[in-house]
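Report on the structure given below.
Keep in mind that this is a model prediction, so the values were computed, not measured. Throughout, protein chains are lettered first and strands after them, A, B, ... in sequence-line order, and every chain is numbered starting at 1.
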Amino acid sequence: MENIRVRFAPSPTGALHIGGIRTALYNYLLAKKYGGTFILRIEDTDQTRFVPGAEDYIIEALHWAGIVPTEGQSFGGEYGPYRQSDRKAIYLDYAKKLVENGQGYYAFDTPEELDAARQADDTFKYDYKSRARLNNSLTLSAAEVQQRLDSGAPYVIRLKVPEGETVHIQDLVRGEVNFQSNELDDKVMLKGDGMPTYHLANVVDDRLMKITHVIRGEEWLPSTAHHVLLYRAFGWEAEMPRFAHLPLILKPDGKGKLSKRDGTRLGIPVFPLSWTGETPEDSFVGFREAGFDPRAMVNFMAFMGWNPGTEQEIFSMDELAEAFSVEKIGKSGARFDIEKARWFNQQYIMASSEEELAKTVRPIVEAHGHQPTEAYLRSFVGMMKERVVLFPDFWTNGAYFFEDFTVFDEATIRKKWKTDGSRAIFAPLLEQLDGQADYNAAAVQACVEGFTNAAGLKFGDVLPILRVGLTGTMKGPAVFDMMALLGKVECRRRMERAFDLFDQVI
RNA sequence: GGCCCGUUCGUCUAGGGGUUAGGACGCAGGAUUUUCAUUCCUGUAACACGGGUUCGAUUCCCGUACGGGCUACCA
């Protein structure tokens with residue numbers, strides 16, 4: 001395959017759903033695999049649904065995910081403009097061409113009239129039958145049509161769907177799909193406000209931008225028949241792009257496709273980035289803010305509906321592009337499973353260097369009022385990285401590296417600490433620890449072992465006291481490693497504070 | 001309702017006329033770690049149903065059921 005040109009064409013109506021990210025990803029992967037071009041086109045033809053900030057959101061989300069366009073809105077290129085509202089005149093030309101060729105016609109029926117027709121008959125369709133009795137340039141005289149146009153009366157341009165044909169679609173994912181043209185309605189191509197509908201704009205732009213593959217969600221499959229008819233009407237059918245319709249992403253629970261509401265309802269992210277809408281109901285947390293590594297999100301999304309056919313699970317973007325093929329895209333909907341996403345994230349965190357992790361974790365720690373040295377922070381993330389799933393877990397599970405604990409594991413202390421003697425027993429340990437010239441893990445361990453043996457205790461009597469005394473919890477990295485990082489003075493301070501607490505509380 | 005698409009463990013999926021139907025997540029148990037996590041081992045669990053075709057269907061065909069999408073001057 002050569003000169004692959006694919007596009008991701010979202011509508012800026014709000015935050016970009018995770019399904020959109022996957023569509024963008026598959027397009028990107030195909031382009032990357034064959035050295036093609038990945039284009040971002042903004043489909044803002046519905047002025048009533050335009051949401052300020054949505055375009056910026058889309059671009060930022062793509063950058064964050066590493067699915068970066070090589071051409072398109074805000075990325076430049078020779079086939080612009082890439083925002084459909086900036087291409088209005090182009091669509092008008094093509095819509096008129098349709099009328100001139102006899103493949104389209106002007107229609108003057110008002111939305112109210114059409115609503116009424118649907119009210120009267122719920123099977124009403126503006127099609128090859130009904131157009132003969134409706135208000136359009138097929139039924140009106142040429143003079144009357146011209147008069148209406150001249151008077152500035154509102155009109156739309158509709159596609160004149162041919163009668164009695166079978167439209168064949170060769171879908172890369174689904175194989176051959178057929179539609180009877182008699183089932184198809186005469187879709188509006190140019191709206192009353194002069195803007196094109198999705199169908200016209202999409203076909204015209206894909207043609208003008210030399211798109212070779214249309215990879216989009218399954219919801220577009222039914223209207224693809226109209227698109228094929230449109231290519232035919234313009235005489236472009238022979239160079240029509242190839243179609244690939246992706247399976248939908250389904251709700252984690254219940255039935256139906258994943259919706260933005262599922263995120264809030266289940267407390268899981270279904271958007272790449274957080275979005276603040278006008279109301280709390282229209283505001284959502286993103287994968288980024290929830291603490292996901294974008295590489296993990298991408299890896300996870302890649303596997304929703306596609307599989308390399310091998311047993312490898314962890315893929316970098318480069319590996320994904322290498323292994324990707326449209327033929328391996330599945331046909332059935334994939335249920336969104338946040339547990340799997342969490343597993344991927346854990347894998348990526350464990351595989352990350354301390355340097356990388358420190359960079360991500362620093363802002364989290366600083367948000368809690370601490371400015372650790374880089375060395376300290378790196379040791380910290382190194383010790384914690386096998387014990388976290390999401391980035392915020394570093395703080396949630398490891399705050400004691402930076403400040404005193406406020407609650408501690410009382411159950412363990414009750415078992416191991418005696419108010420009438422433990423303090424005296426452990427006092428020598430504190431002294432011996434203070435005597436360590438080099439407070440490294442091995443030295444501290446040797447010291448603790450020496451104390452344990454001399455006191456006739458078992459490791460199991462001493463370690464929990466140290467661990468809970470230092471951190472408040474029984475969960476965490478190796479005690480001696482933590483002690484070495486905390487340092488002699490801090491350990492002594494913490495133990496004395498803990499002994500006081502133990503005596504008070506137990 | 002009409003048109004279109006789909007259906008392998010709870011989930012993501014591999015596979016494909018004759019297989020012990022494979023992997024991953026999750027869950028359960030065990031080993032290691034005198035913590036937790038990691039790691040390793042083991043277990044759990046699936047071809048929607050009914051007819052064909054065939055020596056043989058989970059795999060091919062047709063139905064049914066179920067699920068989904070579309071059916072706007074929204075994308």
Quick one: label A:Val188 by what it contacts on the DNA or RNA (base, sugar-phosphate, nothing), any heavy atom closer than 4.0 Å. sugar-phosphate

Of A:Glu43 and A:Thr452, the one whose closest RNA chain B nucleotide lies more 5': A:Thr452

Need one value for A:Met195: base, sugar-phosphate or nothing, where a base atom within 4.0 Å counts as base even if backbone is also close, heavy atoms only. nothing

Can you name the residues that form a ring pair (Phe, Tyr, Trp, His ring centres under 6.0 Å) with A:Tyr198, not counting sequence neighbours? A:Trp220, A:His227

Compare the minimum distances between each of B:C12, B:C73, B:U35 and the side chain of A:Arg467, then state the nucleotide with the smallest one. B:U35

Nucleotide of B:C25, B:G69, B:U13 approaching A:Asn307 most closely (side-chain heavy atoms): B:U13

Inter-nucleotide C1' distance (B:C47, B:U20), Å rounded: 15 Å

A:Thr13: which residues meet the side-chain hydrogen bond (donor to acceptor under 3.5 Å, both in side chains) condition with it, sequence neighbours left out? none

Nearest-angstrom distance from the residue atom CG of A:Leu248 to P of B:C12: 13 Å

Report the nucleotide, chosen from B:G69, B:C3, B:U35, that has the shortest atom-to-atom distance to any side-chain atom of A:Glu183. B:C3

Look at all strands and tell whether A:Lys125 reaches a base, only sugar-phosphate, or nothing, counting heavy atoms closer than 4.0 Å. nothing

Gap in Å between the two C1' atoms, one belonging to B:G69 and one to B:U53, rounded: 32 Å

Does A:Phe300 reach a base, just sugar-phosphate, or nothing at all? Heavy atoms under 4.0 Å. nothing

Sugar-phosphate, base or nothing in reach of A:Ala9, heavy atoms under 4.0 Å: nothing

In residues 15-22 of chain A, what donor-acceptor pairs under 3.5 Å come from side-chain atoms, sequence neighbours left out?
from	atom 1	to	atom 2	distance (Å)
A:His17	ND1	A:Gly19	N	2.8
A:His17	NE2	A:Leu258	O	3.3
A:Arg22	NH1	A:Pro247	O	3.3
A:Arg22	NH1	A:Met304	O	2.8
A:Arg22	NH2	A:Pro247	O	2.4

Enumerate, atom names and distances included, each donor-acceptor pair closer than 3.5 Å involving a side-chain atom of residues 468-481 of chain A, sequence neighbours excluded.
from	atom 1	to	atom 2	distance (Å)
A:Thr471	OG1	A:Arg467	O	2.8
A:Thr471	OG1	A:Thr473	N	3.2
A:Thr471	OG1	A:Thr473	O	3.0
A:Thr473	OG1	A:Lys475	N	2.9

Please give, in whole Å, the distance from B:A75 P to A:Arg83 CZ? 17 Å

A:Asn202 versus A:Arg207, side-chain donor and acceptor atoms under 3.5 Å: no

Please report, rounded to the nearest Å, how far the P atom of B:C36 is from the CE atom of A:Met482. 13 Å

Across the strands shown, which category fits A:Gly217 at heavy-atom distances under 4.0 angstrom: base, sugar-phosphate, nothing? nothing

Can you label the angle between the A:Phe380 ring and the A:Phe402 ring as parallel, tilted or perpendicular, going by 30° and 60°? perpendicular

Atom-pair distance (OH on A:Tyr91; C1' on B:C73), nearest Å: 16 Å

Sort out the partner of B:A65 for me: Watson-Crick or G-U wobble, both distances under 3.5 Å, none otherwise. B:U7

Could you walk me through whether A:Arg216 and A:Thr224 pass side chain to side chain donor-acceptor pair (under 3.5 Å), step by step? CA-CA 11 Å; A:Arg216 77 224 307 189; A:Thr224 305; 3.2 Å; yes

Look at the side-chain N and O atoms of A:Ser11 and state whether any lies under 4.0 Å from the OP1 or OP2 oxygen of B:C74. no

Taking any strand in view, what nucleotide pairs with B:G1 in a Watson-Crick or G-U wobble way, both distances under 3.5 Å? B:U71

Please list, pair by pair, any protein nitrogen or oxygen found under 3.5 Å from a nitrogen or oxygen in nucleotides 5-11 of chain B.
from	atom 1	to	atom 2	distance (Å)
B:C5	O2'	A:Arg174	NH1	2.4
B:C5	O2'	A:Glu218	OE2	2.9

Could you check whether A:Tyr198 gets within reach of a base, just the sugar-phosphate, or nothing at all, counting any heavy atom under 4.0 Å? base

To the nearest Å, how far apart are A:Leu246 CG and B:C70 P? 15 Å

d(NZ, A:Lys260; C1', B:A75) in whole Å: 12 Å

Sugar-phosphate only, base, or nothing, as touched by A:Met350 at under 4.0 Å among non-hydrogen atoms: sugar-phosphate

Contact class for A:Gly256 (heavy atom, under 4.0 Å): base, sugar-phosphate, or nothing? sugar-phosphate

Of B:A75, B:G23, B:A72, the nucleotide closest to the side chain of A:Arg118 is B:A72

Pick base, sugar-phosphate or nothing for A:Arg158, based on heavy-atom distances below 4.0 Å to the nucleic acid. sugar-phosphate

Check A:Ala302 against A:Trp306 and note the closest heavy-atom contact, atom names and distance. O-CB, 3.3 Å

Quick check: on RNA chain B, is the nucleotide nearest A:Thr123 upstream (toward 5') of the one nearest A:Trp220, or the reverse? Name the residue that is more 5'. A:Thr123

Using a 4.0 Å heavy-atom cut-off, does A:Gln346 contact any base of the nucleic acid, only the sugar-phosphate backbone, or nothing at all? sugar-phosphate

Is A:Thr110 touching bases, backbone alone, or none of the nucleic acid, heavy atoms closer than 4.0 Å? base

A:Met384 CE to B:U35 P: how many Å, rounded? 16 Å

Please determine, for the side chain of A:Lys191, which listed nucleotide (B:G68, B:G26, B:C74) has the closest atom? B:C74

Could I get the full list of side-chain hydrogen bond (donor to acceptor under 3.5 Å, both in side chains) partners for A:Thr166, not counting sequence neighbours? A:Gln180

Using atom C1' in both nucleotides, what's the gap between B:C25 and B:C61 to the nearest angstrom? 35 Å

Given A:Gln73, which of A:Glu55, A:Arg41, A:Gln84 fulfils the side-chain hydrogen bond (donor to acceptor under 3.5 Å, both in side chains) condition? A:Glu55

Roughly how many Å is it from CG in A:Asp481 to C1' in B:C36, rounded to a whole number? 14 Å

Does A:Pro477 reach a base, just sugar-phosphate, or nothing at all? Heavy atoms under 4.0 Å. base

Tell me the partner of B:U53, counting only Watson-Crick (N1-N3 plus N6-O4 or O6-N4) or G-U wobble (N1-O2 and O6-N3) with both under 3.5 Å; none if nothing fits. none

Taking any strand in view, what nucleotide pairs with B:A28 in a Watson-Crick or G-U wobble way, both distances under 3.5 Å? B:U42

